[in-house]
Amino acid sequence: MRVLSYGRQHIDEEDIAAVVAVLKGDWLTQGPSVSAFEKAFEDYTGARHAVSFANGTAALHGAYFAAGVGPGDEVLTTPMTFAATGNGALYLGGSVAFADIDPETLCLDAEKAREKVTAATKVIAPVSFAGYPADLAPFKKLAESCGAVVIEDGSHALGAMRDGVPVGKGADLTVFSFHPVKHITTGEGGMVVTDSDEFAGRMRLFRTHGITKDPAAMEDVPDGPWSTEMQVLGYNYRLSDIHAALGISQLKKLGMFTARRREIAALYDSLLSEVQGLTVPPSSPGHSYHLYPLQVPAGRRAEYMARLRGKGIAGMVHYLPVHLHPYYRRNFGWKKGDFPESEAFYSREISLPVFYGLSDEEVRRVAEAISEIAGS
Ligand SMILES: *Cc1c(COP(=O)(O)O)cnc(C)c1O
C-alpha cells in the first residue's frame, strides 16, 4: 500500500516528450514555447492576455505591481490562504489588511471585507479557497466604490467554473500557480490573466528586469537598434521554455484532471457527509477541488492526523491563518482571536488526498480510516 499524500502531479509520456523536444531545440528560455503556453491560456480562459511567471508567488508580485501597489497602499485579503497572497504586497512596500472568511464558502466574506476598506485600499484579493469559485460580484462592487483593483488569487481554482465561465475571467487580474500539487504543473510556474493591455504591459516589463527592447515603448530616443531601456525596477521572473512546454502539455489534460478531482470529492462527500462530527467542504457546481478540506471535531485534529499517518495517509493542514505566522504577528501586531472564523476552521481542518491518480479504492481506504477514527 502506497503512502497517500494530499496532492501530487500526474506526468505522462506526452509531457516527457514535450520537454525533451525543447531540450533538443534552440530555445531553452524566451522562446516559442512560452508564447504558445500563454496563448493556450488566453484561449482557455478567454482573457485577452496571459503573462507567465517563474512561479505563482512571482505572478502575485507582478499582478500587485501592475495594480500599482506601493508604500502606503493596502492589499485586502483573507487570512485563510498561503502566505504568498499577503507577501506580494509586502515586497512592494505596501501592507496587508485582512477580513475574515465566510464559513459557508471558506472564502473572503464580502460584508466583513467592506468594513476593512480604507482610503489606502488599492487591491482586493479574494482567494477561491480549495477550488470553490468565490463570488466576485460583491468585491467588484466594493472595488468600484473605492477605486481598488480586484485580483483573484486563483491558485486553487484553475479548472473551476463560475456561472459556466472558467475562473480567469471575472476579476481584473487572476493569478495561477503550477506547483506540482496544483491542477496542472510546470514544476514551478505561474500565470496572470487579464483583459487590460496596460496591466499586461506592466507585468511583461516587471518580469524581465523592468527592461524593454521595444523602440516604440522607449522614453528616450534609441541610440540604435541595440538599445534597451530599464524603465521600472523589475525582476528576472521569467518562465523557461522547458517549463512552458510541460505546461502546454499539461493544460491539454486540465479537463480530465478536474473531472477526476470532482469524482473523488463526490465520493468523499457520499462516504463522509453523514459521519457524526465531521463537516465536509462547501460544494458548488463549478468547484475544481485543489483541496478537499474536511473539518474534524474540535480538539481532535492532532489525533486524526497521527492516526491517519499510522494508516499510511499523510493528510495536510491548510492553512495556519496568515496573520498568525510569527513574522506577521511580530511585525504587524496580529494575534490569536483577530479572525475567529479562519482560526476555528484551521483548528479543525485536514486536507484529504485528492489528485488525478488517486483510485476509488484509495478514496474508500481514506474514508474508512476517517470513519473509524470518528467512531472511537
Ligand atoms: C500555491 C499558492 C501560491 C503560490 O504559488 P507558488 O507557485 O508556490 O509560488 C499562492 N497562493 C495560493 C493560495 C497558493 O495555493
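Remember, it's 1-based here, ligands and their atoms both numbered in the order they're listed.
Within 6.0 Å of atom CG in Asp197, more than 12 heavy atoms from other residues, nucleotides or ligands are found, so the atom counts as buried in its surroundings. In Arg309, the CZ atom is not crowded: 12 or fewer heavy atoms of neighbouring residues, nucleotides or ligands sit closer than 6.0 Å.
Ring geometry for Phe178 against Phe37 counts as tilted: the plane angle lies between 30° and 60°, on a 0 to 90° scale. Using bins of under 30°, 30° to 60° and over 60° for the plane-to-plane angle, the ring pair Tyr327/Phe332 lands in the perpendicular bin. Relative ring orientation between His61 and Tyr237 is described as perpendicular, the plane-to-plane angle rising above 60° on a 0-90° scale split at 30° and 60°.
Here the side chains of His49 and Met203 are not in contact, with every heavy-atom distance at 4.5 Å or above. Looking at His209 and Tyr235, their side chains never come closer than 4.5 Å, going by heavy atoms from C-beta outward.
For ligand 1, one of its N or O atoms has an N or O atom of Asp153 under 3.5 Å away. Considering backbone and side-chain atoms alike, His290 places every N or O at 3.5 Å or more from each N or O of ligand 1. Residue contacts with ligand 1: Val127 is placed with no nitrogen or oxygen under 3.5 Å of a nitrogen or oxygen of the ligand (distance criterion only). For Ser177, a nitrogen or oxygen atom sits less than 3.5 Å from a nitrogen or oxygen atom of ligand 1, counting backbone and side chain alike.
Here is the list of ligand 1 atoms found below 4.0 Å of a heavy atom in Gly56: 5 (O), 6 (P), 7 (O), 9 (O). For ligand 1, the atoms lying closer than 4.0 Å to a non-hydrogen atom of Thr85 are 11 (N). Listed by atom number, the atoms of ligand 1 under 4.0 Å from Ser155 heavy atoms are 2 (C), 3 (C), 10 (C), 11 (N), 12 (C), 13 (C), 14 (C), 15 (O).
Here the shortest heavy-atom distance to atom 13 (C) of ligand 1, taken over Val181, Thr81, Thr57, belongs to Thr81. Checking Phe82, Phe53, Tyr319 against atom 3 (C) of ligand 1, the nearest heavy atom belongs to Phe82.
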Stepwise side chain to side chain donor-acceptor pair (under 3.5 Å) check, Ser288 with Arg261:
CA-CA 7 Å; Ser288 66; Arg261 285 174 179 273; over 6 Å; no

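Counting protein heavy atoms only, atom 2 (C) of ligand 1 is closest to Lys182 NZ, 2.7 Å.
Within the 4.0 Å heavy-atom shell around ligand 1 one finds Leu60.
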